[in-house]
Amino acid sequence: MKDSADQTNDNVTLLSGGNPQIPKGDGDAPVQAYIEAMPGWKHAVGKQLDNLVERTIPDVQKAVRWNSPFYGIRDQGFFLSYHCYTKYVKVTFFRGASLNPPPPEKSAHEQVRYAHIHEGEEIDEEQWVDWIQQAARLPGWMS
């Protein structure tokens, strides 16, 4: 297991919790670089999330900000992001409190909700597609 600030085979630094350090960028390429650098089981989670968002919202806009992939709608803002932590991948829905049902984890920010994906946990694709569809219809977070 790598410690924080270790290098991956592609010379990407892994920050605390194994989160890849990827430069800020717009488009699919920086998001794919992030996913490729996600360590261990988290890599499969990143690929699955990316595929779910792309299948659900074909015209999704992608970017990397603050070492995390962001997904949004042009001129509407970002609706979802995720970040690696030691024991889970934290998925952020920027207007998650408006989703029905809302993702389970609360935030200090009233509108934000999180879902944590742990190793070996199956994603309920039907629920995730529903959340993604709902979130993409709401005004997003503008960077």
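Only a predicted model underlies this, so the values are computations on that prediction, with no experimental measurement involved.
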Which residues pass the ring-ring contact (aromatic ring centres under 6.0 Å, His included) test with [X], sequence neighbours left out?
| X | value |
| --- | --- |
| Phe94 | Phe70, Trp141 |
| His43 | none |
| His109 | none |

By side chain to side chain donor-acceptor pair (under 3.5 Å), Tyr114 pairs with (sequence neighbours left out) Ser107

Taking Asp59's backbone N and O only, do any of them form a donor-acceptor pair with Gln61's side chain (distance below 3.5 Å, no angle check)?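 Answer holds: yes.
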
Check: Side chain of Asn51, backbone of Lys47: donor and acceptor closer than 3.5 Å?
Finding: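 Between the backbone of Lys47 and the side chain of Asn51 there is a qualifying donor-acceptor contact (under 3.5 Å).
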
With a 4.5 Å cut-off on side-chain heavy-atom distances among I, L, V, M, F, W and Y, is there a chain of contacts connecting [X] to [Y]?
| X | Y | value |
| --- | --- | --- |
| Ile73 | Leu99 | yes |
| Val64 | Phe78 | no |
| Ile57 | Leu52 | yes |
| Trp66 | Ile35 | no |

Should the pair Tyr85 and Tyr88 be assigned to parallel (<30°), tilted (30 to 60°) or perpendicular (>60°) ring geometry? parallel

Under 4.5 Å between any side-chain heavy atoms of [X] and [Y], yes or no?
| X | Y | answer |
| --- | --- | --- |
| Arg113 | Glu105 | no |
| Ile117 | Tyr82 | no |
| Pro30 | Pro23 | no |
| Leu14 | Pro20 | yes |

Sequence neighbours left out, cut at 3.5 Å: what donor-acceptor pairs do the side chains of residues 129-138 make with other protein atoms?
from	atom 1	to	atom 2	distance (Å)
Asp130	OD2	Gln134	NE2	2.9
Trp131	NE1	Pro101	O	2.6
Gln134	OE1	Asn100	N	2.8
Gln134	NE2	Asn100	O	3.0

Original post:
With distance as the sole criterion, is a donor-acceptor pair present between the side chains of Asn19 and Tyr34 under 3.5 Å?
Top reply: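 Their side chains do contain a donor-acceptor pair, which is all the 3.5 Å distance test asks for.
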
Only one of His116, Met38, His83 forms a side chain to side chain contact (heavy atoms under 4.5 Å, CB included) with Val89, so which one is it?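 Running side chain to side chain contact (heavy atoms under 4.5 Å, CB included) over His116, Met38, His83 with Val89 returns exactly one hit, Met38.
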
Check salt bridge (charged side-chain N to carboxylate O under 4.0 Å, His left out) between Glu54 and all other residues, then give those that pass, not counting sequence neighbours.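 Per chain and number, Glu54 pairs via salt bridge (charged side-chain N to carboxylate O under 4.0 Å, His left out) with Lys62.
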
Step by step, work out the side-chain hydrogen bond (donor to acceptor under 3.5 Å, both in side chains) result for Gln48 and Glu125.
CA-CA 10 Å; Gln48 186 175 18; Glu125 285 200 15; 3.3 Å; yes

